[in-house]
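First the structure, in the form of structure tokens, and then the observations on it.
Counting convention: from 1, in listed order, for ligands and their atoms alike.
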Amino acid sequence: MLSREEMFRFVQTVLGVVDYDHEPVVRHVLGDDASAEASIPVENAVRAGLGRFLIDIVEKEPWRLTRYSEQLWLTYDKSPVLQKLLVRVQRITGLPESVVNQSEDLQVLRYGPHGHYSCHHDMSPDTIDEGKDAPQIATVAIFLNDVTRGGEIAFPAANRDDIAPSELEKYWMLEEQCQPRKACTRLGGVVFSPKKGDALLWYNIRPEFWNDLKRKETQRQGFGEQSLMWSSVHCGAEVIEGEKWMANMWIGLGPHGHEEL
Ligand SMILES: O=C(O)CCC(=O)C(=O)O
Ligand SMILES: [Fe+2]
């Protein structure tokens with residue numbers, strides 16, 4: 001059964017629609033006189049028009065979704081330029097070559113007008129707990145052009161003293177508040193306006209846990225929540241004018257390089 005609140009959440013987290021007018025959707029699905037306590041089975045909600053609502057958004061206003069961008073992946077080993085990039089990133093970050101070389105393919109992103117990416121972590125507690133082979137311990141984001149207007153990258157939870165590292169509830173709340181496109185740069189923290197040639201590095205997983213990851217000692221209860229770098233939550237703000245090009249390197253912690261950490 002979906003209550004009113006759960007329906008908002010369902011639309012946002014399951015359907016991935018972060019910007020919408022709550023009331024008309026609720027009225028449409030739960031009926032005009034839906035009280036705050038009314039609830040409805042998921043199948044009925046879908047039958048009553050939630051599916052159509054999603055299709056309309058995808059077809060007509062896709063920028064209301066969590067992410068509105070185009071992307072492709074480039075393989076490092078096929079390109080001398082990208083090989084050079086790996087060496088440079090290794091030198092700048094001081095991370096072992098064997099770790100940097102575990103990076104997944106380079107992701108190139110293009111955002112046009114309205115393009116954006118809502119608040120997220122590049123790794124989630126669940127994906128850390130799944131114990132995949134090369135967890136992405138850090139991200140290097142490289143900005144490839146100057147954006148005419150908009151397109152900032154924001155870290156609303158970074159560098160603030162009103163959230164203690166152990167206050168996970170507050171991080172969750174901030175991440176939820178940060179979902180709508182317009183909220184991305186309005187919640188404080190660190191907001192960075194991309195410039196061609198700039199790069200940002202952040203950790204997705206706290207360095208003191210990297211060795212546990214390497215040794216696959218991740219089975220203990222709550223490891224994902226403990227090891228996640230909560231302050232790394234970030235969003236790509238809406239591009240208001242022009243376009244935004246960037247490349248993401250996800251630095252993985254693969255099977256080699258353990259000794260060097
Ligand atoms: O668009 C941005 O600035 C951020 C992109 C991003 O966070 C990602 O691709 O994971
Ligand atoms: Fe990201």
Side-chain angles (χ1 to χ4, degrees), residues 12-13 16 18-19 62-74 76 82 85 89 93 102-128 132 134-159 171-172 174-206 224 227-253:
Q12 190 159 305
T13 57
V18 292
D19 276 299
W63 49 87
R64 294 189 187 278
L65 297 168
T66 307
R67 184 176 200 173
Y68 183 48
S69 62
E70 295 166 287
Q71 47 267 326
L72 58 79
W73 282 263
L74 301 175
Y76 290 98
L82 297 188
L85 179 67
V89 166
T93 58
Q102 291 297 327
S103 302
E104 286 189 4
D105 288 354
L106 184 74
Q107 185 188 36
V108 179
L109 280 171
R110 176 192 171 271
Y111 298 90
H114 293 308
H116 81 108
Y117 190 1
S118 287
C119 264
H120 64 279
H121 292 272
D122 289 346
M123 290 290 287
S124 70
D126 288 348
T127 47
I128 299 173
K132 61 180 223 158
Q136 294 152 346
I137 53 174
T139 303
V140 176
I142 304 161
F143 298 97
L144 304 176
N145 75 328
D146 294 320
V147 185
T148 315
R149 207 147 64 88
E152 299 89 345
I153 180 168
F155 296 79
N159 197 27
Y171 285 112
W172 282 119
L174 191 63
E175 187 167 342
E176 199 167 308
Q177 279 170 5
C178 174
Q179 291 304 307
R181 270 173 308 158
K182 304 285 182 211
C184 172
T185 54
R186 293 186 182 164
L187 293 166
V190 173
V191 179
F192 180 82
S193 288
K195 299 267 173 312
K196 182 175 177 173
D198 281 354
L200 285 181
L201 161 73
W202 64 88
Y203 297 145
N204 300 311
I205 300 180
R206 303 163 69 91
S227 59
L228 183 73
M229 192 86 192
W230 285 87
S231 57
S232 73
V233 67
H234 57 278
C235 48
E238 183 177 7
V239 171
I240 310 291
E241 207 182 320
E243 53 181 11
K244 171 177 167 188
W245 286 84
M246 66 185 288
N248 281 321
M249 289 178 76
W250 279 295
I251 299 182
L253 199 57

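Selection from His121, Glu152, His234, Lys244 by nearest heavy atom to atom 7 (O) of ligand 1 gives His234. Compare Arg67, Met246, His120 by their heavy atoms: the one nearest to atom 10 (O) of ligand 1 is in His120.
Contacts between Leu109 and ligand 1 below 4.0 angstrom, taking non-hydrogen atoms only, involve the side chain exclusively. For Trp202, no heavy-atom contact with ligand 1 is shorter than 4.0 Å.
No side-chain heavy atom of Tyr117 sits less than 4.5 Å from a side-chain heavy atom of Ser69. His234 places none of its side-chain heavy atoms less than 4.5 Å from the side chain of Phe192. Counting heavy atoms from C-beta outward, Met249 and Leu85 have side chains that approach closer than 4.5 Å. Annotation: side chain of Leu109 is in contact with side chain of Arg67 (closest heavy-atom distance under 4.5 Å). Between Trp202 and Val190, the closest side-chain pair of non-hydrogen atoms is not below 4.5 Å. Counting heavy atoms from C-beta on, the side chains of Trp230 and Pro125 come closer than 4.5 Å.
With sequence neighbours excluded, the residues satisfying side-chain hydrogen bond (donor to acceptor under 3.5 Å, both in side chains) with Glu238 are His114, Arg181, Lys182.
The Trp250 neighbourhood of ligand 1 comprises atoms 10 (O), with distances under 4.0 Å to a heavy atom of that residue. Here is the list of ligand 1 atoms found below 4.0 Å of a heavy atom in Gly236: 1 (O), 2 (C), 3 (O).
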After noting the C-alpha distance and the side-chain angles of Tyr68 and His116, does the key distance pass the ring-ring contact (aromatic ring centres under 6.0 Å, His included) rule?
CA-CA 5 Å; Tyr68 183 48; His116 81 108; 7.5 Å; no
Just do the side-chain hydrogen bond (donor to acceptor under 3.5 Å, both in side chains) check on Asp122 and Ser232 with the steps written out, would you?
CA-CA 8 Å; Asp122 289 346; Ser232 73; over 6 Å; no
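Annotation for Leu200 and Ile153: closest pair CD1-CG2, 3.7 Å, computed over non-hydrogen atoms.
Given atom 9 (O) of ligand 1, the protein heavy atom at minimum distance is Asn248 ND2, 2.9 Å. Scanning all protein heavy atoms for the shortest distance to atom 4 (C) of ligand 1 gives Ile153 CD1, 3.8 Å. Nearest to atom 6 (C) of ligand 1 among the protein's heavy atoms is Tyr117 CD2, 3.6 Å. Shortest contact from atom 5 (C) of ligand 1 to any protein heavy atom: Tyr111 OH, 3.4 Å.
Under the 2.5 Å cut-off for SG-SG separation, Cys178 and Cys235 do not qualify: their sulfur atoms lie farther apart than that.
Counting only protein atoms, the N, O or S atoms lying less than 2.8 Å from the Fe ion (ligand 2) are His120 NE2, Asp122 OD1, His234 NE2, ordered by chain and residue number.
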